[in-house]
There are 2 protein chains.
Amino acid sequence: MGLKETLRKQAQRTKAAARSLAKCSSEVKNRALLAMAERLERETASLLTENMKDLEAGKEKGLAGPLLERLTLTPKRITEMAAGLREVAALPDPVGEVLKMTRRPNGIQVGQMRVPIGVIGIIYESRPNVTADAAGLCIKSGNGVILRGGSEAIHSNIAIARHLDEAGRAAGLPPHAVTLVETTDRQAIFDLLTFDDLIDLIIPRGGEGLIRTVVEHAKIPVMKHDKGICHTFVDESADLQMAEEISLNAKVQRPATCNAMESLLVHRKIAASFLPKIAKRLQEAGVEIRGCPETIKLLEGGGGSKIVPASETDWKTEYLDLILSVKVVDSIESAMAHIATHGSQHSEAIITQDYAHAMRFLNEVDASAVFVNASTRLNDGYQLGLGAEMGISTSRIHARGPMGLEALTCMKFIIFGDGQIRK
Amino acid sequence: MGLKETLRKQAQRTKAAARSLAKCSSEVKNRALLAMAERLERETASLLTENMKDLEAGKEKGLAGPLLERLTLTPKRITEMAAGLREVAALPDPVGEVLKMTRRPNGIQVGQMRVPIGVIGIIYESRPNVTADAAGLCIKSGNGVILRGGSEAIHSNIAIARHLDEAGRAAGLPPHAVTLVETTDRQAIFDLLTFDDLIDLIIPRGGEGLIRTVVEHAKIPVMKHDKGICHTFVDESADLQMAEEISLNAKVQRPATCNAMESLLVHRKIAASFLPKIAKRLQEAGVEIRGCPETIKLLEGGGGSKIVPASETDWKTEYLDLILSVKVVDSIESAMAHIATHGSQHSEAIITQDYAHAMRFLNEVDASAVFVNASTRLNDGYQLGLGAEMGISTSRIHARGPMGLEALTCMKFIIFGDGQIRK
């Protein structure tokens, strides 16, 4: 049997599993998630052994330090995976919720019931913990899941996924509800992306290259998790102390994340008093500032150190690092125009005491999350109250922003009648 | 300038228009919709002249009678288009609605605000009224729209779209919010489907071939409006009089629609009393019955006319005509298994007096709409209370079932803070 047929067989089994899973009670699903958590902890030693094979192969292939670090499992990371599964078990089950039940003039009662999507394909890169995190969210929301992890993590992923599937079955889940593609052949990705009769949604998690490839080849709907070129605009009326704390947090609290600030926009009227202070704190935190001419004048003029001039590409760059582009703007309009032109519609913030400006920014800025007087780093499932999430969607349909359990469901109309017909 | 560059220019203009349109008040949008309606009515004579060009070209090309009929504009159809626009103006504006506003432990207030999707591309076949219907829904929901109608209707579509755009501008809409692709070159479809930076959602409206082509080539999310192989299951406890009325309505009230019944499943215990009666009424209405062996025995045995035996393909066929496949089943489980295997997850109904069976069917059958004791023909935007719709989505993400105004929007998170940062 060729690769494609093998994959189709697997996907067919997962689709069959998804049909039973859709009918599983929350009780069974939660019991399965807790059993999975326990199994991973109990198998810590064997998981570390499998992970060691990946690490050795990775070293031989000359993987860079940060990649090896992401690939590494430790007892602590295994405990965290287990804790993640238990947290998902504790979340309310989204399936079965009925919204907007109304009675129509002819007497039918119409509502929308939340149901699983079906089979979700996750295509991801080297972190093996995604295997457990993604599977947990899919199971809880009643979806079958087909996982395709990075080739560097193949031994770890096979071990984790088999334990999840086995522990799930033992607890009453249908077999193959969690399926891992157990080959490192890259062709498997392209094959999966054509199974539009078996897979209902593809979620790529990884760098821009992976996302591009998936969007290019998918015959199946894709939820993108794209880059974040996030801005903080410090308005003329801002509380400057607050603006300092928020800007610092948005840049340095975890610079490698998609919701970290990459660009700071400062209203001209407060630039002279605000910029030197925030620049000092950012630089103390190791941040390199790339400024517009006015920023440079203000910062170097005050006796500060040399500032790198920002080029046109800086305004469109997701550094994911301790680098920040800074621009002085003359109004909220210029700030919003800059964001519309250079942003990636991910996470955008305004710091202001002006009511009308706050409301305009909230209403008019187009992004997955828009903040008034808060750090863009709060664009996260836990922070916004959704619990565990599948990442932050930058798609404009279905789900935008953190994708929690609800984003892994769809609605069907249900109608209670007593003989109504179409007139 | 080549075709592709011309199209990109158009799409860029529509994207720019969409940005302004997103900020338009309901008042401006409604005024524009009313102005569009008035304009179409006022231009009845010139629209009929343009339509005549299409009809003459169609006759020359030898288009079939029903196609010519669909292509034809009449004063009544123009009035209906105008009435449709006025109805959309009267619907509540979905944009700006805020859902689920909550306060998080750190004090931020988090909600989700309904916003337009952006630019929607509609690819459709010969009915020129779709031009006005689709444009009206997109404008009301704040989206720019790029229309690509069938080549047979090109003169009618150009005239309608120009009037809509002009009347909209005059009433305060940004120019190019409504754009029609004014070429009949089929390559335009393939080009549009690659503009993932300019178009946010594609909605194909037409036959299976068109939908397949769009899904195959789109680099942009697609909302499918696929075929409906819809069942009515008459359970053993059904009120047989009600079952008769509903079955008849589901089959004959408008057989060419996607929510018409194509297959009738009858519980064995009531088959002998129910089938002869409903068969007689269906046959009187001109319906050809294709039966399973048991159906044939029951109907021919009672002295009825010859029944065509149903083949395996009959169970999977969307007739869109006065033809019905009929099967006797021995339980609700067999009925649901048959529906899961042969249905298209569109509209499914059970007729029953049994509470447990009603609830099982509602919960377990997977379809865009599931009915208890009502006709599948009610799966429609007006009937279910959504108002005008873009068609019935068979997609499993974003929107399922009738796509009203809400389905043309997405949500963004909005956060009101007073200095919160990520800890």
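Values reported hereafter were calculated over all heavy atoms of this structure, with side chains retained and with hydrogens, waters and symmetry mates removed. Quick note on labels: first sequence line is chain A, next is B, and so on, each numbered from 1.
Interface remark: B/Arg103 contributes no atoms to any contact with chain A (heavy atom separation under 4.5 Å). With a 4.5 Å cut-off on non-hydrogen atoms, B/Val365 touches chain A through its backbone but not through its side chain. Proximity to chain A (any heavy atom under 4.5 Å) is shown, for B/Ile350, by neither the backbone nor the side chain. For chain A, the nearby part of B/Asp380 is the side chain; its heavy atoms alone come within less than 4.5 Å. Both the backbone and the side chain of B/Ile117 come within contact range of chain A, with heavy atoms under 4.5 Å apart. Both the backbone and the side chain of B/Arg396 have a heavy atom closer than 4.5 Å to some heavy atom of chain A. Residue B/Ser368 touches chain A through its backbone alone, counting heavy-atom pairs closer than 4.5 Å. Looking at B/Glu216, both its backbone and its side chain come within 4.5 Å of chain A, counting heavy atoms on both sides. Heavy atoms of B/Ala367 lying under 4.5 Å from chain A belong exclusively to its backbone. For B/Pro402, the parts sitting under 4.5 Å from any heavy atom of chain A are the backbone and the side chain alike. Proximity to chain A involves both the backbone and the side chain of B/Ala340, based on heavy atoms less than 4.5 angstrom apart. For B/Asn249, the part lying under 4.5 angstrom from a heavy atom of chain A is the side chain only. Only the side chain of B/Val115 comes within less than 4.5 Å of a heavy atom in chain A; its backbone stays farther off. Looking at B/Arg19, only its side chain comes within 4.5 Å of chain A, counting heavy atoms on both sides.
Just one residue in the list B/Lys412, B/Gln112, B/Met411 forms a side-chain contact (heavy atoms from CB on, under 4.5 Å) with A/Arg400, and that residue is B/Lys412.
Put simply, the side chain of A/Pro221 reaches to within 4.5 Å of the side chain of B/Ile397, judged on heavy atoms. In this structure, the side chains of B/Lys23 and A/Asn363 stay at 4.5 Å or more apart for every pair of heavy atoms.
Scanning residues 413-423 of chain A against chain B with a 4.5 Å non-hydrogen threshold yields A/Phe413, A/Ile414, A/Ile415, A/Phe416, A/Gly417, A/Asp418, A/Gly419, A/Gln420, A/Ile421, A/Arg422, A/Lys423, sorted by number.
Among A/Asp239, A/Val110, A/Leu378, the residue with the largest count of heavy-atom pairs under 4.5 Å with chain B is A/Leu378. Here A/Val372 is the residue among A/Ile108, A/Asn106, A/Val372 with the most heavy-atom pairs under 4.5 Å with chain B. Between chain B and the options A/Leu248, A/Asn373, A/Asn259, heavy-atom pairs under 4.5 Å are most frequent for A/Asn373. For chain A, the option among B/Met242, B/Arg377, B/His217 with the highest count of heavy-atom pairs below 4.5 Å is B/Arg377. Interface check for chain A: of the options B/Ile220, B/Leu362, B/Thr102, B/Asp200, the most heavy-atom pairs under 4.5 Å are formed by B/Leu362.
Within the model, atoms NZ of A/Lys100 and CG of B/Leu384 stand 12.5 Å from one another, a figure rounded to the nearest 0.5 Å.
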